[in-house]
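Worksheet: one structure, shown below.
Just so you know, ligand 1 is whichever comes first in the structure, and atom 1 is the first atom listed for that ligand. Note that these values count all heavy atoms, side chains included, but never hydrogens, waters or copies made by symmetry.
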Amino acid sequence: MRTKVAIIGAGPSGLLLGQLLARAGIDNIVLERRTPDYVLSRIRAGVLEQGMVDLLDEAGVGARLHREGLVHEGFALSFGGAGHRIDLKRLSGGKVVTVYGQTEVTKDLMEARAAAGLTTIYEAESVTLIDWETSSPRVRWVKDGLAQELTCDFIAGCDGFHGVSRATVPSTAIRNFERVYPFGWLGILSETPPVDHELIYVNHPDGFALCSMRNPMLSRYYVQCRFDDKVDDWSDERFWDALKSRLHGEAAERLVTGPSIEKSIAPLRSFVAEPMRFGNLFLAGDAAHIVPPTGAKGLNLAASDVRYLSSALIEHYDTGSAAALDRYSEQALARVWKAERFSWWMTSILHRFPETGGFGQRIQQAELDYLVGSEAAMTALAENYVGLPY
Ligand code: RFL
Ligand code: PHB
């Protein structure tokens, strides 16, 4: 088997890259370890920056997003018993974000890929990258017990944090930067009307909480939990009690509870691998970096990586120039680190950190008071939340 670009991973990074390349006439094959249903069952991101919406339009998969996505012009910060609105649109000079689940983005991309007749190999076991440092890399895998091999020009490692691509690179060629936070997020999905039409990020003495949504009858809520908590430790009742007690008065009164239809715990981590290119292997999305979800940046960073990488590959096939491919790692990392900074900062002002005690809490209060009282500080928050340009 032969293709131009072998893409490892059929998450949003891999599928979006495949779609953009195919539209430019560059053939590609996607290899995914799991089944399509498994990929679609992972409930993750919900907030898309305009840059990602534009890229999905460019990939020809924006129609349902524009019909069903919820445009959000602001969100609230809740602390000290009151809510404070951050007017994203006014503060950012007209920019907004769109609430549309990662599951829906992935589904739209999967359908477009199938409709275009492009090859995706699901349940590809033991994917192995070979000769990725040369100009004729190969990928091997096992499917239904049979060993298979693909020859290509480039490999795109879009296989997430636990994928094989980054793990293939010898440790001497890669530098990792990491911070693991001493807590997690417990998230639930429930078929109840969201507590508000905009998101609410909560700083409370008992810990962080977030009220988000997927549509007018589907709410997505999170509470900060211990990093070693198990889903079974959290009955629905315990979850709703924790959320309600962390919300400020009017929001707590409006909260409609109901059975959870999904419940999961996510650890919080900041991680960057440098560089993002090794010979003809390029990393994109969570394969190269992780942000804590507080700033809603993970999926959006995957999109900006894919924008840089797809343009560079298209330039290479159109003109023969490797200049943009040579710039990819540096260009992507410059944006990655700004989103890492923002996500770390949002995490640090909103969560209860067991180790920082009373001093840490007073500093958080001062920071939040300053933030909602300062046009300059709110503008910086809004500029980052709607997404830095790329
Ligand atoms: P993914 O989605 O992990 O997809 C990688 C794919 O690669 C496959 N794979 C392999 N395939 C073949 N061979 C192997 N050896 C393989 N190993 C792995 C996997 O099965 C999978 O299908 O990475 P990708 O595409 O880079 O996408 C990244 C995003 O998923 C991630 O950044 C976001 O979900 C992060 N995130 C958020 N991002 C936002 O921009 N806005 C948000 O509001 C937001 N909220 C969140 C989030 C992540 C969360 N969790 C659970 C970590 C909320 C949560 C709770
Ligand atoms: C979500 O809706 O899942 C979501 C929203 C905002 C975040 C993180 C997750 O910051």
Tell me the nearest of [options] to [atom], using heavy-atom distances.
atom                    : options                : result
atom 5 (C) of ligand 1  : G157, A10, C158        : C158
atom 12 (C) of ligand 1 : R33, R269, K297        : R33
atom 52 (C) of ligand 1 : A266, S264, G187, S212 : A266
atom 13 (N) of ligand 1 : D286, L129, V127, T128 : V127
atom 36 (N) of ligand 1 : G9, A45, A339          : A45

What atoms of ligand 1 come within less than 4.0 Å of a heavy atom belonging to [X]?
X    : value
P293 : 47 (C), 53 (C)
L31  : 11 (N), 12 (C)
G163 : 17 (N)
Y222 : 53 (C), 55 (C)
V47  : 41 (N), 43 (O)
V164 : 15 (N)
G285 : 26 (O)
R42  : 19 (C), 20 (O), 21 (C), 22 (O)

Lys NZ or Arg CZ of [X] over [Y] ring: under 6.0 Å, within 45°:
X    : Y    : result
R341 : W344 : no
K263 : F239 : no
R335 : Y308 : no

Worksheet item: For the side chain of K230 and the backbone of D228, is there at least one donor-acceptor N/O pair under 3.5 Å apart?
Response: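 Yes, because the side chain of K230 sits within donor-acceptor range (under 3.5 Å) of the backbone of D228.
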Worksheet item: Sub-3.5 Å donor-acceptor pair from the side chain of Q224 to the main-chain atoms of F208, do we have one?
Response: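 Side chain of Q224 to backbone of F208: a pair is present.
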Ligand 1 and [X], any nitrogen or oxygen pair closer than 3.5 angstrom?
X    : answer
R220 : no
W185 : no
F161 : no
G298 : yes
I8   : no
R34  : no
S13  : yes

Fill in: Contact residues of ligand 2 (heavy atom under 4.0 Å), by chain and number
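Those residues closer than 4.0 Å to ligand 2 by some heavy atom are R44, G46, V47, W185, L199, Y201, L210, S212, R214, R220, Y222, P293, T294, A296.
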Discussion item. Within the 3.5 Å criterion, strictly below it, is a donor on S270 or Y181 matched to an acceptor on the partner's side chain?
Written reply: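 Yes, side-chain donor-acceptor contact under 3.5 Å.
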Discussion item. Does either side chain, that of W345 or that of E340, offer a donor lying less than 3.5 Å from an acceptor on the other one?
Written reply: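 Absent: no donor and acceptor within the cut-off.
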List the closest protein heavy-atom neighbour of [atom]: residue, atom name, distance to the nearest 0.1 Å.
atom                    : value
atom 27 (O) of ligand 1 : P12 CG, 3.6 Å
atom 20 (O) of ligand 1 : E32 OE2, 2.6 Å
atom 34 (O) of ligand 1 : Q102 OE1, 2.6 Å
atom 4 (O) of ligand 1  : G11 CA, 3.5 Å
atom 39 (C) of ligand 1 : L299 N, 3.1 Å
atom 3 (O) of ligand 1  : R44 NH1, 3.1 Å

Practice prompt. Look at the aromatic rings of H316 and F154 and report parallel, tilted or perpendicular, splitting at 30° and 60°.
Written response: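 Taking F154 first and then H316, their aromatic rings stand perpendicular (interplane angle over 60°).
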Worksheet item: Hey, is R2 close enough to D153 for a salt bridge, meaning N to O under 4.0 Å?
Response: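 The answer is yes: the pair qualifies as a salt bridge.
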Discussion item. For R175, is there an ion pair with E274 - N to carboxylate O distance below 4.0 angstrom?
Written reply: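 Salt bridge between E274 and R175, a charged N being under 4.0 Å from a carboxylate O: no.
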